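Scroll down for the structure; my scribbles are underneath it.
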Number of protein chains: 2
Amino acid sequence: MVNAGKPGPGRSGRPRSGEERLSRQAILEAALRIVDAEGMDAMTMRRLASTLGVNPMSIYHHLPNKAAVFAGLAELVFGQLEAVTPDDSVRWQDELTNSARAYRDAVRAHPNLALQVLSDTAAVSDVVVVTVEPFYRALDRAGLEPRQIVEVVNTIIDFLHGFSLGEASVQAETFDLAPDLLRRVRGLPEGKAPTLTRVVRELGEIGLHYDFDSGFESGLALIVAGVETRFL
Amino acid sequence: MVNAGKPGPGRSGRPRSGEERLSRQAILEAALRIVDAEGMDAMTMRRLASTLGVNPMSIYHHLPNKAAVFAGLAELVFGQLEAVTPDDSVRWQDELTNSARAYRDAVRAHPNLALQVLSDTAAVSDVVVVTVEPFYRALDRAGLEPRQIVEVVNTIIDFLHGFSLGEASVQAETFDLAPDLLRRVRGLPEGKAPTLTRVVRELGEIGLHYDFDSGFESGLALIVAGVETRFL
DNA sequence: ACCTGAACACCGTTCAAGT
DNA sequence: ACCTGAACACCGTTCAAGT
């Protein structure tokens, strides 16, 4: 990952048509590479310009400010979300969970960006319009009423966001809860959290390890079971 | 909210015991006021020092860097979470939802801090140890096995985080989805999201307005129903 | 130990000027 | 329209020096 270096000498003035050195798309792609490789803090306007071999100010002709760059990145990420094609031969439960998995995958492809993506309401609601269709479809097939569909979709999206946030905040895909949690629990004043203490101890003895994949699946299963019970 | 102004002249050197002008607690409380009033970006070390009437560098004797200040704020927020006292006379379902409400309330008391709070894994898991006990207790009373309890608690926390993130990102407590959503949906290419389009249209006609309170409650109800179906 | 002042190596963005 | 260079008003943090 070599730095493209200084903008080079002179070369000022408007480039001829077709010779533009920059575009919104090219800028966003470069920004995404920086964020993926080195995190949000490394993505400064000056750094971005430097990797593009361009004057920092040039970027402002394509995007109004730094916030717009980040918003554009959120857009990019959701644009890469794989569309779940309608298929009446799968159970609505599977259509729902497949859609949820695609959503999770899109976010975790760029963990350094998760915080930005999940908190950028504008970007989120823009894609919600497009990416949320499979959720609507699955629940419609299940036979829910419009108001119920909206409720359930919101709940699933909230779960997806919370889960993705947690997943992105941790580097490893699987890690042992046991030592960390046991140490914390041991440090607690006697009787302060008795149930927690007991549950963790019982699990600790059989060797608990948390992994995100099964945590994700069990969360989805819980919600699906809730839908079946409440609305069918 | 008047600025406390410049550190004042001279007054250098170590203060006598009991005359310290600063403390970790005082610094964090000042930082929280800034964040609550003007947001995360306004909370700079120099600004913080200025409102404390102190040299910017003084802060570094109590907290190692800016990140530590933010981490301390996350701590503070969860410290304000109201403990749910054990009470066997309430149904476990109510104990669970009451605990969830307390968690939501703690986060939304400082919306500008939500992003930091929810993504600071260290802070989150530190309080999890203490604040998660009521969730464990309720599910234990319901009769779940340890492994099931952990699964369900994680799912609820994920939902809480996703929900809180969304709630914090919006200024108003209630807002009309209709105009915004209808506009977006109208702008869609024909047939691109047919179910969404239909569902939104049906709701739009009877006048949909989303409000966070009922969205929260219906999410909780869904999860509780899932627990009852899957594990009881 | 606790507070200060000057300094370093950065930022995002405005503005005037080039073609 | 698109790119540049200099400048403005900031940052977080290190370091040496005070008491």
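These numbers come from a predicted model, not from an experiment. Worth knowing before you read on, the calculation uses all heavy atoms, side chains too, and leaves out hydrogens, waters and symmetry mates. Naming: A, B, ... by sequence-line order, numbering from 1 per chain.
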Counting side-chain heavy atoms from CB outward, which of [options] is closest to [X]?
X       : options               : answer
A:Lys66 : C:dC2, C:dT13, D:dG12 : C:dT13
A:Arg46 : C:dA6, D:dC11, C:dC11 : C:dC11
B:Met57 : C:dT13, C:dT4, C:dC11 : C:dT4
B:His61 : C:dT4, D:dA6, D:dC11  : C:dT4
A:Val54 : D:dT4, C:dC11, D:dC11 : D:dT4

Where do [X] and [Y] come nearest, in terms of heavy atoms and distance?
X        : Y        : value
A:Pro134 : A:Ser99  : CB-OG, 3.1 Å
B:Leu160 : B:Ala100 : CD2-O, 3.7 Å
B:Val69  : B:Ala31  : CG1-CB, 3.9 Å

Can you check the [X] [atom1] to [N] [atom2] distance for me, whole Å?
X       : N      : atom1 : atom2 : answer
B:Asn65 : D:dC11 : CG    : C1'   : 14 Å
A:Asn55 : C:dA17 : CG    : P     : 17 Å
B:Tyr60 : C:dT4  : OH    : P     : 14 Å
B:Arg47 : D:dC11 : CZ    : P     : 9 Å
B:His62 : D:dT13 : NE2   : C1'   : 17 Å
A:Leu22 : D:dA1  : CG    : C1'   : 13 Å
A:Leu63 : D:dC2  : CG    : C1'   : 14 Å
B:Met45 : C:dC3  : CE    : P     : 13 Å

Check: Say you pick atom C1' in C:dC11 and the same atom in D:dA7; how far apart are they, in whole Å?
Finding: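 14 Å, rounded to whole Å.
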Check: Just by modelled atom types, is the A:Ala193 backbone N or O under 3.5 Å from a matching donor or acceptor in the A:Thr197 side chain?
Finding: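 Yes; at least one donor-acceptor contact below 3.5 Å.
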Note to self: For a quick check of understanding: with a heavy-atom distance under 4.0 Å over all strands, which category does B:Ser58 fall into, base, sugar-phosphate or nothing?
What the structure shows: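 B:Ser58: base contact, heavy atoms under 4.0 Å.
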Notebook entry, point to check: Between B:Asp41 and B:Arg47, is there a salt bridge with N-O shorter than 4.0 Å?
Noted result: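 Salt bridge flag = no for B:Asp41 with B:Arg47.
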Item checked: Any residue meeting ring-ring contact (aromatic ring centres under 6.0 Å, His included) with B:Tyr103, in chain and number order, not counting sequence neighbours -> B:Phe78, B:His161
Check: According to the Watson-Crick and G-U wobble definition with distances under 3.5 Å, which dot-bracket string, read 5' to 3', encodes DNA chain D, using [ ] for crossing pairs and | for pairs with another strand?
Finding: ||.|||||...|||||.||
Note to self: Given B:Val153, which partner from the list B:Thr155, B:Val150, B:Ile149 fulfils the side-chain contact (heavy atoms from CB on, under 4.5 Å) test?
What the structure shows: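 For B:Val153, the side-chain contact (heavy atoms from CB on, under 4.5 Å) test succeeds with only one of B:Thr155, B:Val150, B:Ile149, which is B:Ile149.
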